[in-house]
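Written out below as structure tokens is the structure these notes cover.
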Amino acid sequence: MLHEGNIYLMDYAIKNMPEADAVLEIGSWGGLSTNLQLHLMRKYGRKEQFLGCDPWIYEGIHDETKGPADTIDGNDLLKRTEYMDYIMQSFQRSVQLFQPNDLPYTIRATSDDFFDWFDRNAVVTDVFGRTQKLEGRLAYCYIDGNHAYDFAKRDFENAAKHLVPGGFILLDDSSDGSFCGSARLMHDIKKNRAFQIVEKNPNYLIRKVV
Ligand SMILES: C[S@@+](CC[C@H](N)C(=O)[O-])C[C@H]1O[C@@H](n2cnc3c(N)ncnc32)[C@H](O)[C@@H]1O
């Protein structure tokens with residue numbers, strides 16, 4: 001789930017991000033990248049709030065051709081909803097174990113819903129049952145949700161809107177030659193003068209120009 005090259009990029013972003021209100025992770029799965037980034041925030045004494053979103057809805061490999069099924073690809077005994085509830089519970093348990101004092105404000109929602117609520121400063125309930133008002137500006141966003149072009153593009157545009165000048169975006173699966181929509185999106189971003197490339201390793205870390 002996590003390309004090891006991202007670790008260096010996350011370390012760089014969290015160490016060098018400008019001061020702002022929050023960090024956002026889009027796509028949390030079982031909590032690996034959440035735990036890593038919260039560890040890095042402690043390492044660098046960063047106090048920004050850690051926000052996250054994930055609908056925990058399994059995207060089957062045959063969905064686009066055969067339509068969504070109730071079960072996981074190739075395993076008719078495993079219900080899709082039960083599998084994703086299990087993954088979300090794994091997220092809850094792993095961050096509760098490793099981040100007892102720094103729990104992230106992660107909500108079960110798509111990034112589109114997250115940004116809609118963020119724009120309206122809505123009060124939401126996170127996966128730990130805490131209420132939180134979504135507000136402020138972002139220092140850094142890790143985009144690792146739906147990797148299809150249209151979804152990744154909306155995530156980039158929404159994150160860019162809320163990012164402070166000098167803030168970072170790490171776009172997962174954006175490496176040259178990747179088949180993902182995120183890589184196609186990266187071609188567009190290279191022409192966007194509001195952003196500069198900081199590093200590719202092999203995914204791209206970009207920074208909003210001040
Ligand atoms: C590659 S996994 C994330 C891995 C995680 N960041 C890690 O490294 O441990 C992608 C996640 O994106 C989530 N996802 C899918 N569509 C999404 C959307 N529209 N908004 C937010 N997350 C989404 C999936 O449920 C899945 O958990």
Side-chain angles (χ1 to χ4, degrees), residues 1-11 13-14 22-41 50-64 68 72-73 78-99 103-119 122 124 126-127 134 138 140-162 168-175 178-183 185-186 201-205:
M1 279 293 163
L2 180 71
H3 191 290
E4 65 179 322
N6 285 4
I7 299 172
Y8 169 77
L9 301 173
M10 288 169 170
D11 187 288
I14 289 170
V23 159
L24 171 64
E25 173 179 74
I26 299 174
S28 308
W29 190 249
L32 178 58
S33 57
T34 313
N35 278 310
L36 173 60
Q37 290 171 108
L38 282 166
H39 162 76
L40 292 170
M41 286 180 71
F50 193 101
L51 306 173
C53 62
D54 195 314
W56 281 288
I57 297 171
Y58 184 77
E59 298 151 63
I61 53 173
H62 301 305
D63 283 6
E64 283 188 21
I72 294 294
D73 313 305
L78 190 53
K79 291 259 183 297
R80 190 185 276 236
T81 48
E82 289 172 7
Y83 178 68
M84 289 315 288
D85 286 346
Y86 172 82
I87 298 296
M88 191 190 77
Q89 287 156 15
S90 302
F91 171 86
Q92 292 167 314
R93 294 188 66 206
S94 72
V95 298
Q96 278 170 324
L97 177 66
F98 292 112
Q99 321 296 334
L103 284 181
Y105 287 95
T106 298
I107 59 173
R108 188 170 196 169
T110 65
S111 49
D112 289 330
D113 283 343
F114 175 89
F115 281 116
D116 181 37
W117 296 328
F118 201 34
D119 285 341
V124 297
D126 72 9
V127 295
L134 297 179
L138 301 176
Y140 158 57
C141 179
Y142 180 43
I143 299 180
D144 190 15
N146 188 324
H147 290 44
Y149 177 79
D150 291 344
F151 285 81
K153 185 168 189 284
R154 282 201 304 279
D155 286 347
F156 167 72
E157 289 169 352
N158 281 322
K161 190 171 82 180
H162 291 280
F168 293 96
I169 292 178
L170 174 55
L171 187 59
D172 190 57
D173 275 322
S174 58
S175 59
S178 159
F179 67 91
C180 290
S182 328
L185 172 66
M186 198 54 225
N201 191 41
N203 295 319
Y204 283 84
L205 177 68

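Counting convention: from 1, in listed order, for ligands and their atoms alike.
Among protein heavy atoms, the minimum distance from atom 22 (N) of ligand 1 is reached at P55 CD, 3.3 Å. Ranking the protein heavy atoms by distance from atom 3 (C) of ligand 1 puts D144 OD2, 3.4 Å first. Summary of contacts: the protein heavy atom closest to atom 1 (C) of ligand 1 is M1 SD, 3.3 Å. The protein heavy-atom contact nearest to atom 19 (N) of ligand 1 is T110 CB, 3.8 Å. When hydrogens are left out, the protein atom nearest atom 9 (O) of ligand 1 is S33 N, 3.2 Å; that is the closest non-hydrogen contact. Scanning all protein heavy atoms for the shortest distance to atom 15 (C) of ligand 1 gives E59 OE2, 3.0 Å.
By the 3.5 Å distance cut-off applied to N or O atoms, G27 is counted among the residues near ligand 1. Here's the thing with H147: none of its N/O atoms is less than 3.5 angstrom from an N/O atom of ligand 1.
Cation-pi geometry between R80 and Y83 is not met at under 6.0 angstrom from the ring centre and within 45 degrees of the axis.
Here atom 12 (O) of ligand 1 lies nearest to G145 when heavy atoms of A152, G145, S111 are compared. Nearest-heavy-atom check against atom 24 (C) of ligand 1 across N35, D112, I26, D54 picks out D54.
Aromatic ring centroids of H162 and F115 lie under 6.0 Å apart.
Looking at heavy atoms from C-beta onward, D73 lies in side-chain contact with Y58 at the 4.5 angstrom threshold.
One finds a salt bridge joining D85 and R108 here, because a Lys/Arg side-chain nitrogen approaches an Asp/Glu carboxylate oxygen to under 4.0 Å. Taking a cutoff of 4.0 Å between a charged side-chain nitrogen and a carboxylate oxygen, K153 and E157 qualify as a salt bridge.
No donor-acceptor distance shorter than 3.5 angstrom exists from the side chain of H3 to the backbone of M1, with no hydrogens or angles considered.
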TODO: Assess whether side chain to side chain contact (heavy atoms under 4.5 Å, CB included) is satisfied between W117 and I107, documenting all intermediate values.
DONE: CA-CA 11 Å; W117 296 328; I107 59 173; 3.8 Å; yes
